[in-house]
Amino acid sequence: MFFNYLFSFNDINDQFYIESYEWVFSNLYDTLHQIGDNYKITVLLQGLSESNDEQSILIRRAYKLLECNHSLEFHYQSNFDADLYDINRLIDNEQPSLYLIITDNVQSTDSSAFMSALLLANEPLYTKIPSLRVKSYILRPMKTNWDELPKAISQMHEIQPAFSHIKTLWCSQFNEKAVTDLKILFFEYGITLSEMDYPATFSLDNYFGYPNKALSYWLLLALTTQAATKLHQTQLVATTVLDKILFNVISPPNS
């Protein structure tokens with residue numbers, strides 16, 4: 001089922017952005033203080049077609065209100081950047097790195113409006129700070145196509161042990177038949193998504209209306225990392241990006 005509507009925001013102005021960014025940083029305040037001020041935050045602004053000094057100024061203003069002292073470095077990525085969806089480039093960075101990924105779809109007119117934020121510490125960073133409490137892990141994604149789907153599921157089952165423990169599926173741009181086919185493949189590997197106690201399948205498009213085909217992946221990641229943390233259960237993201245199917249396993253700490 002797909003609902004034919006768009007979500008939008010009213011009164012989008014500097015104050016709207018300041019309050020939104022302040023809300024983001026206030027939710028990250030405790031974690032940022034655990035990390036310490038000697039690491040810079042690389043802010044990846046997704047969805048902007050070019051360097052946007054105005055947005056970086058607003059982010060700095062919101063950040064200053066919370067009296068945090070990390071230095072901020074900004075990078076801008078449009079919907080057309082080839083590496084927009086390549087989270088492996090962040091995972092594979094050998095230098096201790098802290099990323100704040102802000103996805104800005106606020107002013108969209110052809111998809112539901114949203115803003116999401118995701119704070120990522122790569123392994124060289126979080127292993128260097130024993131006091132840092134990891135909330136969830138984003139594992140290396142799998143890219144495939146519909147013809148290679150059974151092979152991709154087999155590889156994920158073999159390479160990522162956490163895949164066998166997924167409890168919830170989050171998807172976008174997957175119709176009901178695609179979800180059913182996916183669950184059949186899961187069943188072959190002993191994975192059953194039980195819907196008895198609570199929903200185990202969430203279609204982002206049913207909740208948010210028209211998806212942004214370029215940016216919904218990052219919204220899914222933001223939602224599933226929260227779900228893994230709160231439910232202490234392994235989550236799976238499934239979406240389509242640039243004619244490819246993209247899977248991401250998100251596992252809770254101590255999984």
Side-chain angles (χ1 to χ4, degrees), residues 85-93 99 101 116 118-127 130 132-207 211 216-255:
Y85 321 98
D86 187 14
I87 199 170
N88 284 340
R89 75 189 191 280
L90 310 183
I91 295 174
D92 293 336
N93 187 353
Y99 302 97
I101 302 173
S116 67
L118 183 61
L119 184 69
L120 296 180
N122 67 354
E123 186 174 4
L125 177 61
Y126 70 72
T127 55
L132 181 61
R133 185 171 66 88
V134 176
K135 295 185 176 180
S136 58
Y137 296 96
I138 298 177
L139 306 187
R140 189 176 296 276
M142 167 72 75
K143 290 183 182 179
T144 187
N145 55 51
W146 293 111
D147 292 336
E148 299 291 328
L149 183 58
K151 181 180 178 180
I153 296 299
S154 175
Q155 288 177 345
M156 289 191 73
H157 180 264
E158 178 181 353
I159 296 172
Q160 295 184 348
F163 179 78
S164 300
H165 302 289
I166 59 173
K167 298 297 182 183
T168 309
L169 171 67
W170 299 72
C171 56
S172 177
Q173 303 173 73
F174 266 54
N175 59 31
E176 291 186 10
K177 181 181 183 303
V179 171
T180 299
D181 291 344
L182 198 55
K183 289 181 177 180
I184 291 172
L185 288 172
F186 290 166
F187 186 74
E188 294 179 6
Y189 296 95
I191 301 170
T192 302
L193 303 180
S194 174
E195 304 276 357
M196 294 181 62
D197 298 325
Y198 51 83
T201 304
F202 294 95
S203 173
L204 186 72
D205 310 338
N206 285 353
Y207 293 94
S216 291
Y217 169 63
W218 293 103
L219 177 57
L220 280 168
L221 282 185
L223 292 170
T224 50
T225 53
Q226 287 292 309
T229 300
K230 293 181 178 180
L231 299 175
H232 301 285
Q233 293 178 341
T234 303
Q235 315 287 309
L236 178 68
V237 164
T239 188
T240 57
V241 173
L242 300 178
D243 299 323
K244 292 287 186 180
I245 304 173
L246 186 61
F247 293 110
N248 247 132
V249 173
I250 295 87
S251 63
N254 303 319
S255 60

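FYI, the numbering just counts along the sequence from 1.
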K.L.:
Quick check: are there more than 12 heavy atoms from other residues, nucleotides or ligands sitting under 6.0 Å from CD of E158?
P.N.:
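No, because the 6.0 Å sphere around CD of E158 holds 12 heavy atoms or fewer from other groups.
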
K.L.:
For Y99, what residues pass the side-chain hydrogen bond (donor to acceptor under 3.5 Å, both in side chains) criterion, not counting sequence neighbours?
P.N.:
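For Y99, the residues satisfying side-chain hydrogen bond (donor to acceptor under 3.5 Å, both in side chains) (neighbours in sequence not counted) are N93.
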
K.L.:
Is any side-chain heavy atom of K167 less than 4.5 Å from a side-chain heavy atom of L231?
P.N.:
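No - every pair of side-chain heavy atoms lies 4.5 Å or more apart.
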
K.L.:
Checking L246 against K143 for the side-chain contact (heavy atoms from CB on, under 4.5 Å) test, could you report, in this order, the C-alpha distance in whole Å, the side-chain angles of both residues, the deciding distance, and whether it holds?
P.N.:
CA-CA 5 Å; L246 186 61; K143 290 183 182 179; 3.3 Å; yes

K.L.:
Are the side chains of F174 and T201 in contact, using a 4.5 Å heavy-atom criterion?
P.N.:
no

K.L.:
Quick one, I87 with W218, criterion side-chain contact (heavy atoms from CB on, under 4.5 Å). Give me CA distance, side-chain angles, the key distance, then yes/no.
P.N.:
CA-CA 10 Å; I87 199 170; W218 293 103; 4.2 Å; yes

K.L.:
Do any N or O atoms from the side chain of T225 and from the backbone of L221 form a donor-acceptor pair under 3.5 angstrom?
P.N.:
yes

K.L.:
Mind checking whether V179 and S203 have side chains closer than 4.5 Å, heavy atoms only?
P.N.:
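When only atoms from C-beta onward are counted, S203 and V179 do not touch, as no gap falls below 4.5 Å.
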
K.L.:
Mind telling me whether F163 and H157 have parallel, tilted or perpendicular rings, with 30° and 60° as the class edges?
P.N.:
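Ring orientation, 0 to 90° scale: perpendicular.
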
K.L.:
Looking at A162 and V249, what are the two nearest heavy atoms and their distance?
P.N.:
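Smallest heavy-atom distance, with atoms named: CB-CG1, 4.1 Å.
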
K.L.:
Write out all pairs satisfying salt bridge (charged side-chain N to carboxylate O under 4.0 Å, His left out) with one or both partners inside residues 132-141, taking only residues at least two apart or from two chains.
P.N.:
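Residue pairs with at least one partner in residues 132-141: D92-R140.
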
K.L.:
What is the minimum heavy-atom distance between N122 and L90, and which atoms define it?
P.N.:
CB-O, 3.8 Å

K.L.:
With K177, which residues qualify under salt bridge (Lys or Arg N to Asp or Glu O under 4.0 Å), at least two apart?
P.N.:
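Per chain and number, K177 pairs via salt bridge (Lys or Arg N to Asp or Glu O under 4.0 Å) with D181.
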
K.L.:
Can you name the closest pair of heavy atoms from Q160 and L139 and give their distance?
P.N.:
NE2-CB, 3.8 Å

K.L.:
Could you state the interatomic distance from SG (C171) to CD (E176), rounded to the nearest 0.5 Å?
P.N.:
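Spacing of SG (C171) from CD (E176) equals 10.0 Å.
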
K.L.:
Sequence neighbours left out, what passes side-chain hydrogen bond (donor to acceptor under 3.5 Å, both in side chains) with N248? Give chain and number order.
P.N.:
Y217

K.L.:
Report the relative orientation of the aromatic rings in Y126 and Y137; use parallel for angles under 30°, tilted for 30 to 60°, perpendicular for over 60°.
P.N.:
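Ring orientation, 0 to 90° scale: perpendicular.
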
K.L.:
Is the shortest heavy-atom distance from the side chain of I250 to the side chain of W170 under 4.5 Å?
P.N.:
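Result no, sub-4.5 Å side-chain heavy-atom pair not found.
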
K.L.:
Taking only residues two or more places apart in sequence, or in another chain, which ones meet F187 in a ring pair (Phe, Tyr, Trp, His ring centres under 6.0 Å)?
P.N.:
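Expected list: none.
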
K.L.:
To the nearest 0.5 Å, what is the distance between OG1 (T240) and CD (Q173)?
P.N.:
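Going from OG1 on T240 over to CD on Q173, the span is 3.5 Å.
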
K.L.:
Can you find a heavy atom in the side chain of K183 that is under 4.5 Å from one in the side chain of L193?
P.N.:
yes

K.L.:
So which heavy atom on P161 is nearest to which on I159, and how close?
P.N.:
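Where P161 meets I159 most closely, the heavy atoms are CD-O, 3.3 Å.
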
K.L.:
Within this structure, what is the CD1-OH distance for the pair I153 and Y189, rounded to the nearest 0.5 Å?
P.N.:
8.0 Å

K.L.:
Please evaluate residues T224 and I138 with respect to the criterion side-chain contact (heavy atoms from CB on, under 4.5 Å), reporting the C-alpha separation (whole Å), side-chain torsions for both, the decisive distance (0.1 Å), and the verdict.
P.N.:
CA-CA 9 Å; T224 50; I138 298 177; over 6 Å; no

K.L.:
For T239 and L204: C-alpha separation, side-chain torsions, deciding distance, then whether side-chain contact (heavy atoms from CB on, under 4.5 Å) applies.
P.N.:
CA-CA 10 Å; T239 188; L204 186 72; over 6 Å; no

K.L.:
Could you tell me which non-hydrogen atom of A228 sits nearest to which non-hydrogen atom of S251, and how far apart they are?
P.N.:
CB-C, 4.2 Å

K.L.:
Listed by chain and number, what are the side-chain hydrogen bond (donor to acceptor under 3.5 Å, both in side chains) partners of T229, not counting sequence neighbours?
P.N.:
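T229 satisfies side-chain hydrogen bond (donor to acceptor under 3.5 Å, both in side chains) with no other residue.
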
K.L.:
With Q235 as reference, evaluate L220, T168, I166 under the side-chain contact (heavy atoms from CB on, under 4.5 Å) test and give the passing residue.
P.N.:
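Passing option: T168.
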
K.L.:
For a quick test of reading the model, state the closest non-hydrogen atom pair linking N175 to A178 and the distance between them.
P.N.:
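That closest heavy-atom pairing would be OD1-N, 2.7 Å.
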
